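Structure record follows, encoded as structure tokens.
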Amino acid sequence: MTKSKLIANLATRFPQLVVKDAELAVKVILDAMADSLSKGQRIEIRGFGSFDLNYRPPRIGRNPKSGEKVNVAEKYVPHFKAGKEMRERVDYKH
């Protein structure tokens, strides 16, 4: 689901919300999540899952076009782990 579909679903599901209000709500939530992750904090949403940061150490990679070696800097990447309820719901559907 894309961000725009999420906004449309919220506006449809809650008729008292104008599309602009649904858009603002989604933006505020996503911004708060991004800010928390950028500060190194963990996010947990019960029944859905958790977001955390994984550390990737520096390494030597390859440029796929030229084949030459390239230094890739260390970095932190967001990682999502589905909660038990989410895994059960997805597994039940398939």
Side-chain angles (χ1 to χ4, degrees):
M1 176 182 286
T2 62
K3 185 176 171 182
S4 58
K5 285 184 182 179
L6 176 62
I7 292 167
N9 283 352
L10 274 174
T12 302
R13 189 168 179 183
F14 301 100
Q16 68 271 22
L17 276 179
V18 181
V19 175
K20 288 247 183 220
D21 292 340
E23 185 176 354
L24 179 63
V26 170
K27 182 183 181 328
V28 167
I29 290 170
L30 293 178
D31 286 348
M33 291 174 72
D35 288 343
S36 292
L37 285 174
S38 69
K39 293 175 185 172
Q41 298 172 341
R42 183 174 186 267
I43 301 168
E44 183 178 331
I45 303 170
R46 299 280 176 178
F48 182 71
S50 61
F51 296 88
D52 209 349
L53 294 176
N54 279 355
Y55 174 73
R56 299 231 176 122
R59 62 185 175 87
I60 297 176
R62 290 199 178 275
N63 180 335
K65 202 169 199 177
S66 65
E68 67 185 55
K69 293 182 180 182
V70 177
N71 289 327
V72 179
E74 65 180 6
K75 58 185 168 184
Y76 287 89
V77 293
H79 173 74
F80 174 74
K81 181 177 179 187
K84 181 180 176 185
E85 184 180 330
M86 175 65 78
R87 287 192 312 265
E88 290 171 353
R89 289 178 71 175
V90 170
D91 189 38
Y92 177 76
K93 297 283 184 188
H94 294 298

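Given the structure is predicted, the values throughout are model-derived calculations rather than measurements.
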- Drop me the distance from Asp35's CG to Gln41's CD, to the nearest 0.5 angstrom. 9.5 Å
- Task: Specify the closest pair of heavy atoms between Glu74 and Pro58, including all atoms of both residues, with the distance to one decimal.
- Result: CB-CD, 3.6 Å
- Message: What's the separation between atom CZ in Arg87 and atom CZ in Phe48, rounded to the nearest 0.5 Å?
- Response: 13.0 Å
- Is it the case that one hydrophobic cluster holds both Val77 and Val70, taking links as side-chain heavy atoms less than 4.5 Å apart, direct or via other members? no
- Is Tyr76 atom OH crowded by more than 12 heavy atoms from other residues, nucleotides or ligands, each under 6.0 Å away? no
- Task: Working to the nearest 0.5 Å, report the span between CZ of Arg59 and CZ of Arg56.
- Result: 8.0 Å
- Could you tell me which non-hydrogen atom of Ile43 sits nearest to which non-hydrogen atom of Met33, and how far apart they are? CD1-O, 3.4 Å
- 4.5 Å side-chain heavy-atom contact, Asn71 and Ile60: yes
- Rounded distance (nearest 0.5 Å) linking atom NZ of Lys81 with atom CD of Glu44: 10.0 Å
Please tabulate, for the side chains in residues 7-32, all donor-acceptor contacts under 3.5 angstrom to protein atoms that are two or more places apart in sequence or on a different chain.
{"from": "Thr12", "atom 1": "OG1", "to": "Ala8", "atom 2": "O", "distance (Å)": "2.8"}
{"from": "Lys27", "atom 1": "NZ", "to": "Asp31", "atom 2": "OD2", "distance (Å)": "2.7"}

- Task: Please round to the nearest 0.5 Å and tell me the distance separating atom CG of Leu37 and atom CG of Asp52.
- Result: 8.0 Å
- Message: Would you compute the distance between atom CZ of Arg42 and atom NE2 of His79 and round it to the nearest 0.5 angstrom?
- Response: 9.5 Å
